[in-house]
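First comes the structure, then the notes that go with it.
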Number of protein chains: 2
Amino acid sequence: MGTGVADVTLRDVARASGCSVATVSRVLAGTRPVGAETARRVREAAERLGYRPNHAARALRSRATGTVGLVLPQITNPFYPALVRELTHALHAEGRAVLLADCDDDPVAEAEYIDDLLSRRVDALLVIPADERRSRDAVAAAAARVPLVLMDRGCGPGIADSVAVDNSAGMALVLDHLAATGRRRVCFLGADGTASAAAERRAAYAAGSGALDAAAPGRIALGDFSVEWGRAAVDLVWDARPDALVCANDLIAVGALQRLQQLGADVPGDVAVTGFDDIPMAALSAPGITTVRQPVAELAAEATQLLNRRLASPGSEGPQRAIRLAPELVVRESSAPGAGERGLEGASTAVAVS
Amino acid sequence: MGTGVADVTLRDVARASGCSVATVSRVLAGTRPVGAETARRVREAAERLGYRPNHAARALRSRATGTVGLVLPQITNPFYPALVRELTHALHAEGRAVLLADCDDDPVAEAEYIDDLLSRRVDALLVIPADERRSRDAVAAAAARVPLVLMDRGCGPGIADSVAVDNSAGMALVLDHLAATGRRRVCFLGADGTASAAAERRAAYAAGSGALDAAAPGRIALGDFSVEWGRAAVDLVWDARPDALVCANDLIAVGALQRLQQLGADVPGDVAVTGFDDIPMAALSAPGITTVRQPVAELAAEATQLLNRRLASPGSEGPQRAIRLAPELVVRESSAPGAGERGLEGASTAVAVS
DNA sequence: TTGAAAGCGCTAACAG
DNA sequence: CTGTTAGCGCTTTCAA
């Protein structure tokens, strides 16, 4: 309680251990070799006095704050918490701290947050852009000042290093699975707009679904990445009597499933439903939703690795990298083969394939 | 791309506007009155040169970083993203930045994160403790150094200011609603342990359910706050043929609902199900789950206000405050009255009561 | 109202 | 290996 004790500084430790501040700094930061006995004395004194380095001073002097800014569109988007978790863990493991900014899907707020983070001298920036187009200027400007990695969504070509899931590969996994389990009249419930996830998944469906049925590439309905759209979309395509609904993400799939159940359709007996991302709700929905799991931990690891590479070689630019990670198909009840019987064979048991 | 431009400092602005750094500082920080014409020239120069204050230097000098640490148990707990969102927005609105630490439900990691944040000279700390008991020492020590507000969960009495929902009031809302809709054989699916949410909700059920049925306070099953437990708990209480399952949080309710549907029970016809928290899944479940909504934005506002109060009067301790906010009952299909007919009257339409 | 000067706590040259 | 000497960029006395 209260104002806290007067802080103990390097000088105090130096005095207590009978050597210079520089030596103490070297011992504690491990910058350069120091005599064993001196080092011991310093450490002992630091411990005893309860010394805590002052990061502000360190940052001012060494021009590095040990801090990374994380800018994202909406922490309440159910896919992001897991990603944030992995990112913060990966960064903390390297001794960095994470400044979080949720820009509420607003590119203007996003630009302000980026500006503020830069002003706070973050060493690097991790950005999930709010908008493919309208985020571009702010992101490009920021990328000119600090190492910056784009995650999950694109932001135009040539802006910065980026890490994302391979959306095409994911969609191919879904289509292969549906083909293998005898579905033919597939149908796509997607999202329009230029966001990379939306566009790539759309394109992959268009490219791959023709193998199941010549008319499949034409059976698409485009809205946004929401449950509401999933519900509405079912009504638009139901007349075509599809035997599978390929949804561009899990939220759409959840909505579609709800509407199908309202209509009295049997999932997966009459129609299979698949999602994308593997948010928690996909496993907890009844029936569990077959989906494409993003390799979240690996995405985070790649992103921090890219940052570290840039951080290590300041100036020497090197080519931009766009890393795409292969996703994994998670088969659940919503796409079980063998139509007819109601899908009540058990709780949502995830089966990882591939 | 690249290393970024050499930073422009106060000195540069001073030179460009023909006055001293002190004056520039005063103009830009608005600390003291400055001649109108001078101020204009300074601002113009700062703008033209693209001056960005260096927060590290400012922090070193003024002993305030404008930064708040947010420590939480698990960002993937579906209740927290909304809270994090509101907290970051509230703090950003005051010009503060948020350092995020997810301690993965581990009190040891939590203590380390708190230590690191303190070392980074956060002005204040917002903590959702991982464990009622084992978080106590680290939290108490931190509270002695900076203003600290406990959120959502308690951490023993007399540790720090705290903000949370009024769990008892929430449980009372649920019980009143069930009573009003004719439910009598109610049953509680809760969580054991000392965590305040678990204990308070448990106690409130014990205190209030007797009014419905003398045996109700005895019909309880205790596990943890998970979907899995919700599923399992149904099997433990189903023999008692309850007409309502009062769950200690929404995850338990989701699990209970799944198991009930597997058992062929009609919800809400045969049995009502209620949750607590109003996580997104509660609305999206089918049927939608009646639950107690935590006033997330208000919780965040109260917490930042408490911080500001402490920040404003350093030293003058003042009494600790424990703020409890009244929750709101959200009635959905899972507790609809008039038994019998299957709950398919429409999408999950939320009806806010009280 | 403004400027000069001191110094926050630390690290980085540069000598020794 | 260690100490001395300069500051990092800013805010804040203290004088003018």
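Basis for what follows: all heavy atoms, side chains included, without hydrogens, waters or symmetry-related copies. Below, chain A is the first sequence line, B the second, and so on; all start at residue 1.
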**Asked** Heavy atom of residues 16-31 of chain B under 4.0 Å from DNA chain C: which residues?
**Response** B:Cys19, B:Ser20, B:Ala22, B:Thr23, B:Arg26
**Axial bend angle, the helix from C:dT1-D:dA16 to C:dG16-D:dC1: five-pair end segments, nearest 10°** = 30°
**Asked** Under a 4.5 Å cut-off applied to non-hydrogen side-chain atoms, are B:Tyr80 and B:Asp152 in contact?
**Response** yes
**Asked** Which residue, A:Arg11 or B:Pro33, contacts DNA chain C at a nucleotide closer to its 5' end, judged by nearest heavy atom?
**Response** B:Pro33
**Request:** Mark yes or no for whether A:Ser135, through its side chain, and A:Ala130, through its backbone, hold a donor-acceptor pair below 3.5 Å.
**Result:** yes
**Complete:** chain A vs DNA chain C, heavy-atom contacts under 4.0 Å, first-to-last nucleotide span, 5' to 3', is C:dG9 to C:dC14
**Asked** Quick one: does A:Asp104's side chain get under 4.5 Å of B:Arg85's, heavy atoms only?
**Response** yes
**Request:** With sequence neighbours excluded, give me every salt bridge (charged side-chain N to carboxylate O under 4.0 Å, His left out) pair touching residues 42-51 of chain A.
**Result:** A:Glu44-A:Arg48
**Asked** Would you call A:Arg63 and B:Asp7 a side-chain contact if the rule is heavy atoms closer than 4.5 Å?
**Response** yes
**Message:** Quick check on contacts: within residues 34-57 of chain A, what sits under 4.0 Å from DNA chain D by heavy-atom distance?
**Reply:** A:Val34, A:Gly35, A:Thr38
**Request:** Under 4.0 Å from any heavy atom of chain B: name the first and the last nucleotide of DNA chain D that qualifies, 5' to 3'.
**Result:** D:dG9 to D:dC14
**Request:** Please confirm whether the backbone N or O of B:Val68 pairs with a side-chain atom of B:Asp123, one donor and one acceptor, at under 3.5 Å?
**Result:** no
